[in-house]
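Here the structure is laid out as structure tokens; the discussion comes afterwards.
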Number of protein chains: 2
Amino acid sequence: MSAPRRGRRPGAPDTRAAILAAAREGFAASGFSRTSVRSVAAAAGVDAALVHHYFGTKDDLFVAALALRVDPREALLPVVEGGLDGAGERLLRVFVSVWDDEETRLPLLAVVRGIAEPAGQRLLRDGVMRMVLGPVGEALGLDDAPRRMTLVASQLVGLVVVRYLLAVEPLASMPSEQLVATYAPVVQGFLDGVLPG
Amino acid sequence: MSAPRRGRRPGAPDTRAAILAAAREGFAASGFSRTSVRSVAAAAGVDAALVHHYFGTKDDLFVAALALRVDPREALLPVVEGGLDGAGERLLRVFVSVWDDEETRLPLLAVVRGIAEPAGQRLLRDGVMRMVLGPVGEALGLDDAPRRMTLVASQLVGLVVVRYLLAVEPLASMPSEQLVATYAPVVQGFLDGVLPG
DNA sequence: GATTGATTTCATCATGCGATGAATTGTGCG
DNA sequence: CGCACAATTCATCGCATGATGAAATCAATC
């Protein structure tokens, strides 16, 4: 019951990292607007002002919490390098491996949780869709690339929402191998199948 | 510039309906938590207290705004009655027709926008998934119905998010016929195709 | 024409939010 | 030791929110 005194703490606790971790969990669990600076501070066992002291505004904290050390373009390189054959399966493999790693899942969840907020929508539409999936479609040399990649995106978005965000069973607990095997044909069909119209 | 005086207004304006319409648009456009009672009141050209007077708490207003006159179970009857053959296409047809009608789209969008909020997640998982899609799978007599219906759900969720929520082109403007033709085979495959594992 | 009740706004409360600036306590360096 | 600086909390501001109760205005009934 040591009442938290004022001033600097004894020892060398990495409070900054603690705040960052708490922010990551909060944003991943509740999204941006429903995660308050105060709640992050509480989870880190710290006063709210300290969060601002380290990270500035709440937006700054958010982008700090988002920082992944995985460049999506780089991670997707093997997908496009292998050519169109089997691209669906390779894409899904990369996708699932990233999402099943907690380290990367938390920031991604935070982004996806912003799906209902204006800024989050822009991030998803312009950032993820246009700057990540778009180039993949171009690099694969697809005809009607925008349409095909949007279809692929809809498939992946559905997977993310149902498996990782809503956690609906049995999809949430399905082993990744089975997941890849289930979705790969569909994605491949969107990539090189015949499109109606 | 008639400063809104106090007291009852002249004429017989259906203010209650105006509030309800404003609420529907607000909730559909911004979701529950980001739509304030005050903003609804402003959109209806009315004081915030009046909203409470007519509808009680904000939660009450939300459920009032959600009331659809379409019972999902009923709308899905033709899907299950036709048997497994072509069920994917029929399901998609019902789905798209409901979502392309503005009357029904607004409430549905409001629900989907709650995808990031705890209460909304429960509604989607337990309400939509379990009470709507679940029975369809059972009625179709699917083997491994939970798995198949969850896969179908992931496909439909992805479609909803990309087309109606994020409005990513060219999916957002794709004619419904083309949409059905594109997705029907995939849904049908989830329903009666061979599942790995 | 007076009364009653429905409709509408005003004033206000309590709460939680993001943010800032001052004050306090510890660490490390000379 | 003493001094500068970093780390930390406290007190507070301004704002928006959901909600309530009283007052004012209009319509309808007797």
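Order of the sequence lines sets the chain letters (A, B, ...), proteins ahead of strands, with each chain counted from 1.
Ala110(A) meets the side chain to side chain contact (heavy atoms under 4.5 Å, CB included) test with Phe27(A), Phe62(A), Leu66(A); sequence neighbours excluded. Applying the side chain to side chain contact (heavy atoms under 4.5 Å, CB included) rule to Asp59(A) yields the partners Phe32(A), Thr57(A); only residues at least two apart in sequence or on another chain are considered. Contacts of Ala139(A) classified as side chain to side chain contact (heavy atoms under 4.5 Å, CB included), with partners at least two apart in sequence or in another chain: Val80(A). When the side chain to side chain contact (heavy atoms under 4.5 Å, CB included) test is applied to Ala116(B), the partners found at least two apart in sequence or on another chain are Arg113(A).
Terminal axes of the helix from dG1(C)-dC30(D) to dG30(C)-dC1(D) (five pairs each, C1' rotation axis) are separated by 10°, to the nearest 10°.
Residues from residues 48-63 of chain A with heavy atoms under 4.0 angstrom of DNA chain C, sorted by number: Ala49(A), His52(A), Thr57(A), Lys58(A). Less than 4.0 Å separates DNA chain D from at least one heavy atom of each of the following residues of residues 28-40 of chain B: Thr35(B), Ser36(B), Val37(B), Arg38(B). Of all the residues in residues 109-120 of chain A, not one reaches under 4.0 Å from DNA chain D with any non-hydrogen atom.
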Subject >> Audit row: Ser154(A), Tyr183(B), side chain to side chain donor-acceptor pair (under 3.5 Å) steps and yes/no >> reply: CA-CA 11 Å; Ser154(A) 80; Tyr183(B) 281 103; 2.6 Å; yes
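When rounded to the nearest whole Å, the span between CZ of Arg16(A) and P of dA7(D) equals 9 Å.
Within the structure, side-chain hydrogen bond (donor to acceptor under 3.5 Å, both in side chains) pairs that include any residue of residues 131-144 of chain B comprise Asp143(B)-Arg148(B), Asp144(B)-Arg147(B) (at least two apart or interchain). Listed by first then second residue, pairs satisfying ring pair (Phe, Tyr, Trp, His ring centres under 6.0 Å) with a partner in residues 136-174 of chain A read Trp99(A)-Tyr164(A), not counting sequence neighbours.
For the residue pair Gln178(A) and Thr182(A), no side-chain donor N or O sits within less than 3.5 Å of a side-chain acceptor on the partner.
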Show the atom names and distances, to 0.1 Å, of all donor-acceptor pairs under 3.5 Å that link a side chain in residues 186-197 of chain B to residues at least two apart or in another chain.
from      : atom 1 : to        : atom 2 : distance (Å)
Gln188(B) : OE1    : Ala87(B)  : N      : 3.3
Gln188(B) : OE1    : Gly88(B)  : N      : 2.7
Gln188(B) : NE2    : Leu84(B)  : O      : 3.1
Gln188(B) : NE2    : Asp192(B) : OD2    : 2.9

Please output the side-chain donor-acceptor pairs of residues 120-128 of chain B that fall under 3.5 Å, not counting sequence neighbours, one pair per line with the distance.
from      : atom 1 : to        : atom 2 : distance (Å)
Gln121(B) : NE2    : Ile115(B) : O      : 3.2
Arg125(B) : NH1    : Leu166(A) : O      : 2.7

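Ion pairing of Arg24(A) with Glu102(A) is absent here, as no side-chain N (NZ or NE/NH1/NH2) approaches a carboxylate O to less than 4.0 Å.
Asp100(A) CG: more than 12 foreign heavy atoms inside a 6.0 Å radius.
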